[in-house]
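Scroll down for the structure; my scribbles are underneath it.
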There are 2 protein chains.
Amino acid sequence: MTLLDTVVMQGLDSHGVLTADDKTLLLSLELNARRVTAGEVLWQEVADVDLFCVVKEGWAYSYRNLGNGSMQILKIYLPGDIIGMRDFGFSRRLAGVAMINEGVICPFSYQQLFELFARSSSLAAGIIATTVRQQAMLTERLVYLGRYAAHERLAHFLYELYLRLKRINAVEENGFFMPLSQEQIGDALGLSAVHVSRTFSMLRDEGLVERDRQHVVLPDPQALARLVEFNDTYIDESLPPAFQNFLSLNRIA
Amino acid sequence: MTLLDTVVMQGLDSHGVLTADDKTLLLSLELNARRVTAGEVLWQEVADVDLFCVVKEGWAYSYRNLGNGSMQILKIYLPGDIIGMRDFGFSRRLAGVAMINEGVICPFSYQQLFELFARSSSLAAGIIATTVRQQAMLTERLVYLGRYAAHERLAHFLYELYLRLKRINAVEENGFFMPLSQEQIGDALGLSAVHVSRTFSMLRDEGLVERDRQHVVLPDPQALARLVEFNDTYIDESLPPAFQNFLSLNRIA
DNA sequence: CACTTTCAATAACATACGTTATGAGTCGAT
DNA sequence: ATCGACTCATAACGTATGTTATTGAAAGTG
């Protein structure tokens with residue numbers, strides 16, 4: 001899973017927007033691979049902003065530790081995701097990031113990113129689009145935290161994971177590996193671990209979710225999607241035609 | 001209030017990153033002013049993404065209308081803010097935007113934005129930084145929706161508005177004009193209007209917030225900030241030195 | 001000026017969720 | 001095999017917040 005394989009970049013490439021140089025430049029962000037252990041903290045809140053990362057293997061999450069002793073998990077990162085763009089333009093991290101399980105990440109520097117922007121406005125637009133898409137997921141989470149009940153939050157969370165994992169071929173027969181504890185899920189959904197457990201039981205009783213330890217099966221993904229009125233554009237949609245056209249025009253000019 | 005007056009662009013300019021051409025280019029986004037009425041919908045959810053806007057006067061908000069009949073307000077836009085970057089890279093709007101009171105907006109097109117990216121990587125970086133900052137506010141809201149009680153959410157919301165309004169000189173003697181109904185505040189904070197009213201009463205009784213219709217006074221802003229442990233970096237901080245340096249290097253090269 | 005509509009305060013009641021506690025699996029370390 | 005540390009399920013109980021309703025004040029409309 002490289003950045004070239006993401007929806008956004010695939011969209012650009014399939015429309016001939018990316019030159020060979022662009023591709024080399026993009027992949028140069030992933031030259032520096034590093035193995036990381038489960039639970040390893042990539043950076044803490046308030047650390048200096050020095051680098052960004054591409055996740056190659058494993059799951060990570062960004063989080064905030066709060067004054068009242070609780071934690072809010074902001075986002076789950078899967079292979080192919082860029083970590084850290086949240087802090088672009090800030091001198092201190094706004095959130096910590098830690099690995100959930102072991103994996104491989106590719107750090108790259110501020111400078112590499114700026115060089116990329118300077119050399120290719122197509123890639124710049126692509127990176128912005130990628131960042132905006134991550135934000136769209138966060139916005140969706142915000143909506144669920146604000147206006148939906150626990151069972152809808154959990155159903156939405158699981159279905160979103162399901163779609164994202166399907167994109168990277170990590171779903172088999174409607175089942176997937178999910179290394180999150182119920183406490184972590186609660187921290188992501190603004191619920192207590194106890195209530196996450198209750199809610200899982202409820203979804204199980206309704207035949208919507210089966211779970212055994214770290215393996216989750218959605219027997220009928222469509223039913224789950226209907227329950228939460230899932231709109232998948234923000235995950236699956238490739239870049240709009242207008243976007244591609246402008247970029248190829250700019251390239252030629 | 002123009003884009004050149006925002007924290008991000010001020011930061012770039014004061015470090016000599018922006019050329020005269022850059023400034024002209026940036027201000028060209030604001031050539032096309034239009035007066036809008038209170039309550040006017042700038043665009044609906046699922047509309048085509050054709051343009052973005054700079055708010056010159058008045059308040060606006062982005063929102064989602066939900067299947068369960070409720071609404072979630074995502075963000076309040078004040079003069080100087082860019083509206084619509086949330087949808088960059090999508091063909092359909094992810095959220096509707098409407099004016100709260102009457103005002104003036106400056107629409108600009110996808111094409112204008114791409115031309116700006118192509119002509120100036122400094123401005124591209126600046127626009128990204130601006131977008132990321134807006135997202136930081138949203139992330140902060142998410143944290144409050146997930147892990148804080150009603151009085152903390154409201155206190156945080158009011159204090160954030162206070163800081164943002166202070167930045168644009170719209171605060172006098174710790175008081176400001178706030179054209180939001182309690183229902184709208186509830187839709188922003190994930191609360192019922194009734195509970196917003198209760199919570200206002202509570203904050204009033206504690207001497208933290210005075211309110212008369214659309215006029216709000218924070219008698220002791222610091223006390224309010226302490227209550228919510230407000231971290232103002234994401235609103236007040238200018239761009240980090242490293243950021244500026246890279247950009248001026250790129251410009252010379 | 002009447003008339004309606006909107007907005008806000010407050011009360012009474014209902015409930016979803018948090019908190020605390022307990023016991024049963026599971027896993028890794030020794 | 002034994003132990004401790006996690007993780008999870010479930011129950012009992014408390015509470016913050018939602019819902020519905022009533023009233024009054026303010027603002028818009030003819």
Side-chain angles (χ1 to χ4, degrees), chain A residues 37-39 66 68-73 98 100-102 144-158 177-206 209-217 227, chain B residues 37-40 59 66 68-73 98 100-102 144-158 177-206 209-217 227:
Chain A
T37 61
L66 309 178
N68 58 19
S70 57
M71 162 182 287
Q72 177 68 46
I73 290 182
I100 295 168
N101 50 2
E102 59 170 13
Y144 272 79
L145 289 186
R147 288 298 186 206
Y148 285 95
H151 67 280
E152 296 163 311
R153 292 188 210 176
L154 182 55
H156 180 270
F157 181 77
L158 293 174
F177 169 71
M178 193 202 54
L180 294 164
S181 70
Q182 296 190 347
E183 172 132 34
Q184 289 170 323
I185 296 174
D187 286 339
L189 301 183
L191 299 168
S192 67
V194 175
H195 203 61
V196 170
S197 178
R198 277 198 282 251
T199 309
F200 260 119
S201 305
M202 196 182 129
L203 292 179
R204 174 188 9 90
D205 295 346
E206 292 177 8
V209 176
E210 288 163 23
R211 191 174 57 88
D212 180 28
R213 299 272 130 197
Q214 307 202 320
H215 190 73
V216 173
V217 178
L227 173 66
Chain B
T37 61
E40 184 171 336
W59 293 29
L66 309 179
N68 59 18
S70 57
M71 162 183 285
Q72 178 68 46
I73 290 182
I100 294 168
N101 50 3
E102 58 169 15
Y144 272 78
L145 290 186
R147 288 299 188 203
Y148 284 94
H151 67 280
E152 296 163 311
R153 292 188 210 176
L154 182 56
H156 181 270
F157 181 77
L158 293 173
F177 169 70
M178 193 203 52
L180 293 165
S181 69
Q182 296 190 347
E183 172 133 34
Q184 288 170 322
I185 296 175
D187 286 338
L189 301 182
L191 299 168
S192 67
V194 174
H195 202 61
V196 170
S197 178
R198 277 196 284 251
T199 309
F200 260 120
S201 303
M202 196 183 127
L203 292 179
R204 173 185 12 88
D205 295 346
E206 292 177 7
V209 176
E210 288 163 23
R211 191 175 55 89
D212 180 28
R213 298 273 129 197
Q214 308 203 319
H215 191 73
V216 173
V217 178
L227 173 65

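Letters A, B, ... are given to chains in the order of the sequence lines, protein chains preceding strands, and every chain is numbered from 1. Keep in mind it's a predicted model, so treat the numbers as computed, not measured.
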Look at the side chain of [X] and the backbone N and O of [Y], then say whether any donor-acceptor pair between them is shorter than 3.5 Å.
X: B:Arg211; Y: B:Phe200; value: no
X: A:Arg147; Y: B:Met71; value: yes
X: B:Gln72; Y: B:Ala188; value: yes
X: B:Ser201; Y: B:Ser197; value: yes

* Measuring from B:Gln182:CD to B:Leu191:CG, what's the distance to the nearest 0.5 Å? ->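 With rounding to 0.5 Å, CD (B:Gln182) is 11.0 Å from CG (B:Leu191).
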
* To do: Look up atom CG in B:Asp212 and atom CD in B:Glu210, then write down how far apart they are to the nearest 0.5 Å.
  =>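 Result: 10.0 Å between the selected atoms.
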
Once you round it to whole Å, what is the distance between [atom2] of [N] and [atom1] of [X]?
X: A:Asp205; N: D:dT10; atom1: CG; atom2: C1'; answer: 12 Å
X: A:Gln182; N: C:dT26; atom1: CD; atom2: P; answer: 14 Å
X: A:Gln214; N: D:dC8; atom1: CD; atom2: C1'; answer: 13 Å
X: A:Leu154; N: D:dC8; atom1: CG; atom2: P; answer: 12 Å
X: A:Arg211; N: D:dT7; atom1: CZ; atom2: C1'; answer: 9 Å
X: A:Tyr144; N: C:dC17; atom1: OH; atom2: P; answer: 14 Å
X: B:Asp187; N: C:dC7; atom1: CG; atom2: P; answer: 12 Å
X: A:Phe200; N: D:dT7; atom1: CZ; atom2: C1'; answer: 13 Å

Given [N], is OP1 or OP2 found less than 4.0 Å from the side-chain N or O atoms of [X]?
X: A:Ser197; N: D:dA9; result: yes
X: A:Ser201; N: D:dT10; result: yes
X: A:Arg204; N: D:dT10; result: yes

* To do: Measure across A:Val196 and A:Leu154 and return the closest heavy-atom pair with its distance rounded to 0.1 Å.
  =>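 Scanning both residues, the minimum pair turns out to be O-CD2, 4.3 Å.
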
* **Relative orientation of the end axes in the helix from C:dC1-D:dG30 to C:dT30-D:dA1, expressed as an angle to the nearest 10° (five pairs per end)** =>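 The helix from C:dC1-D:dG30 to C:dT30-D:dA1 shows an end-to-end axis angle of 50°.
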
* To do: Going 5' to 3' through nucleotides 15-30 of chain D, assign each nucleotide B (protein heavy atom under 4.0 Å from a base atom), S (under 4.0 Å only from sugar-phosphate atoms) or - (no protein heavy atom that close).
  => --BBBB-----S----

* Using a 4.0 Å heavy-atom cut-off across all strands, classify B:Ser181 as base, sugar-phosphate, or nothing. =>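 Sugar-phosphate only.
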
* To do: Could you pull out all residues at least two apart from A:His195 that satisfy ring pair (Phe, Tyr, Trp, His ring centres under 6.0 Å)?
  =>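 With sequence neighbours excluded, A:His195 shows a ring pair (Phe, Tyr, Trp, His ring centres under 6.0 Å) to no residue whatsoever.
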
* To do: Could you tell me how the ring of B:His156 sits relative to the ring of B:Tyr144: parallel (under 30°), tilted (30 to 60°) or perpendicular (over 60°)?
  =>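 Ring orientation, 0 to 90° scale: parallel.
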
